[in-house]
**Q** 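Got a structure for you, questions after.
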Amino acid sequence: MRVVDIIEKKQMGEELTKAEIHFMVEGFTNESIPDYQMTAWMMAVYFQGMNEKEASHLTMAMVESGDQIDLSGIDGVKVDKHSTGGVGDTTTIVLAPLVASAGVPVAKMSGRGLGHTGGTLDKFEAIEGFKIEVPIEKFIELVNKNKVAVVGQTGNLAPADKKMYSLRDVTSTVQSIPLIASSIMSKKIASGADAIVLDVKVGDGAFMKTVDDARQLAKTMVQIGEQVNRKTLAVISDMSQPLGFAVGNALEIKEAIDTLKGEGPSDLTELCLVLGSQMLMAANKVETLEEGKALLQEKIDNGEALETLRQFIEHQGGNPAVVDDPSLLPQAKYLTEIKADRDGVISDWTAHEVGVACSLLGAGREKFTDDIDPAVGVVLKAKVGDSVKKGDPIVVIHSNTEDISEVEDKLTKAFKISDHSEPIQLIVDTINHA
Ligand code: URA
Ligand code: CA
């Protein structure tokens, strides 16, 4: 096999075989194929695309490039949930205990935040004592005991993806749906998922800016799942404004606790019920979305979801008292309100700008080595569609520095008050089969 022939074949828009795709990925991982040839090949994929078979071979070639976590020691179908990234996306903190309380094991490996989006591990670490670095044997033991554990990635998962992503980043080949889909799916499969639920975000704060692109990405991932025998379902959800009210690590833990008590923001609650229900469907626990939502609502109403959170925090070394007294979470020194300068209705709350503002406060990081401040962030007091009066608070900034003029400026520009607003559809679509 010659690399140039494979590049040319893809350039001409022809379908590549499993052997050709594995040859490219293996060669690039072991450095027998140089960056310039891999770049040419990925650029050909960028322009010509891949069908679902090719994308599945690419996914599995990346899975096989490194370690695969063996979760067979956990009873039941292991369902993982993945979000393509958003601002104030508090869902995993709610879903992990919620789905576990309905009897489906949640063995989740999560990541840290980078840029304007937050990461689930950073959020859990806002709880005093909570440990995310757990050896794999202990991880399995935790899931068997309490049905839920959330830890950092261990092992050398999908190194081919890491290497390819670095190259895509500097050669303008990131925005290719088969390359994104196989990148995401390879990491989920390598970390041991039997079934996968995907939350594909769409809008200004998300990777996918249009509904058409988001739908295409979701469908491609669901098809890959089908090809490689991992039941995969997807939601396409809005990320034009932040999800829920809270953005920031400790603030989102408190918001998740409220949601598990049945007192959370309506958009976050709705999305968690839908994603959670899909997780139950993927694990064959329920048959329909409605059945799953009803079961999860019951677990919120009878307190079992909250009790599962309490035990889950305790089992991972955290202080479970935060569940009953969220003031034990890290608190920022200064609270600053931004108020409405007129009567009207909120017509825009730009998620991306809110994410950047929180990052400036210290809630996020620019590079992986940056430290973050768990206490800081913002709490929105009104969202798109809400009526406000002049002088009403629109957002409260939680900061540990007194001078936050840059953040105030950014946030003031991030929302708009108009005479009327277009409603936002939170859940754009659900994809329950390939
Ligand atoms: N997220 C990923 O994990 N991979 C991509 O290629 C893009 C976004
Ligand atoms: Ca939130």
Side-chain angles (χ1 to χ4, degrees), residues 42 45-46 50 55 58-59 62-63 80 82-95 109-115 117-120 122-123 126 153 157-191 196 198-201 205-209 213-214 217-218 220-221 224 237-239 241-260 264-272 349 351 354-355 358 363-364 377-381 383 395-396 398 426:
M42 292 194 298
V45 171
Y46 177 93
M50 278 184 156
L58 178 57
T59 302
M62 293 197 288
V63 169
D80 203 348
H82 179 80
S83 155
T84 59
V87 176
D89 184 5
T90 315
T91 52
T92 296
I93 308 165
V94 178
L95 284 169
M109 289 194 179
S110 279
R112 296 193 179 279
L114 192 63
T117 61
T120 296
D122 298 323
K123 296 173 194 178
Q153 261 188 15
L157 300 185
D161 170 64
K162 212 168 282 162
K163 212 161 146 34
M164 284 169 67
Y165 193 88
S166 304
L167 195 53
R168 285 165 60 205
D169 208 20
V170 293
T171 57
S172 194
T173 45
V174 169
Q175 288 291 343
S176 152
I177 284 174
L179 294 181
I180 298 172
S182 52
S183 164
I184 293 173
M185 291 296 283
S186 68
K187 283 173 283 199
K188 296 288 109 182
I189 293 169
S191 59
I196 298 155
L198 300 158
D199 182 6
V200 178
K201 305 284 192 190
F207 217 65
M208 295 286 122
K209 310 289 180 203
D213 280 353
L217 176 61
T220 304
M221 291 193 285
I224 291 173
S237 71
D238 174 72
M239 191 37 77
Q241 69 174 340
L243 185 64
F245 298 119
V247 185
N249 299 290
L251 294 168
E252 288 186 57
I253 294 287
K254 177 175 183 309
E255 181 167 76
I257 293 167
D258 290 343
T259 305
L260 288 165
S266 59
D267 60 346
L268 176 62
T269 302
E270 172 64 10
L271 184 57
C272 287
W349 237 135
V354 176
C358 288
V378 301
V379 177
L380 310 188
K381 293 291 168 185
K383 296 194 55 178
V395 56
V396 181
H398 293 237
L426 171 67

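As the structure is a computational prediction, the values presented were derived from the model and not from experiment. Ligands are counted one by one from 1 in listed order, and the atoms in each one are counted from 1 as well. This chain uses plain numbering: 1 for the first residue, then up along the sequence.
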**Q** Determine yes or no for a side-chain-to-main-chain donor-acceptor pair under 3.5 angstrom, with Glu255 supplying the side chain and Phe245 the backbone.
**A** yes

**Q** Rounded to 10 degrees, what angle sits at the Ca ion (ligand 2) between Leu243 O and Glu255 OE1?
**A** 120°

**Q** Taking the Ca ion (ligand 2) as the vertex, measure the angle between atom O in Ala246 and atom OG1 in Thr90; round to 10°.
**A**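 Seen from the Ca ion (ligand 2), O and OG1 are separated by roughly 110°.
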
**Q** Do the charged groups of Asp258 and Lys254 touch, with an N to O distance under 4.0 Å?
**A**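 Result for this pair is yes, salt bridge flagged.
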
**Q** Identify, by atom number and element, the atoms of ligand 1 in contact range of Lys187, meaning under 4.0 Å from any of its heavy atoms.
**A** 2 (C), 3 (O), 4 (N)

**Q** Should the pair Asp161-Lys163 be classified as a salt bridge under the 4.0 Å nitrogen-to-oxygen rule?
**A**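 A salt bridge is absent here (no side-chain N lies under 4.0 Å from a carboxylate O).
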
**Q** As an exercise, identify every atom of ligand 1 less than 4.0 angstrom from a heavy atom of Ser183.
**A** 2 (C), 3 (O), 4 (N), 5 (C), 6 (O)

**Q** Does any N, O or S atom of Gly88, backbone or side chain, fall under 3.0 Å from the Ca ion (ligand 2)?
**A**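 Yes.
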
**Q** Counting from 1, what ligand 1 atoms have a heavy atom of Phe207 closer than 4.0 Å?
**A**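 Once the distances to Phe207 are compared, the set is 7 (C), 8 (C).
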
**Q** Can a salt bridge be assigned to the pair Asp238 and Lys201 using a cut-off of 4.0 Å between side-chain N and carboxylate O?
**A** no

**Q** So which heavy atom in the protein is nearest atom 1 (N) of ligand 1, and how far is it from that ligand atom?
**A** Ile184 CG1, 4.0 Å

**Q** Using a 3.5 Å cut-off on N or O atoms only, is Asp161 in polar contact with ligand 1?
**A**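 No - when backbone and side-chain N and O of Asp161 are compared with those of ligand 1, no distance drops under 3.5 Å.
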
**Q** How many angstroms lie between CD1 in Ile184 and CG in Leu217, if you round to the nearest 0.5 Å?
**A** 5.5 Å

**Q** Rounded at 0.5 Å granularity, tell me how far CG in Leu179 sits from OH in Tyr165.
**A**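 Reported value, rounded in 0.5 Å steps: 11.0 Å.
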
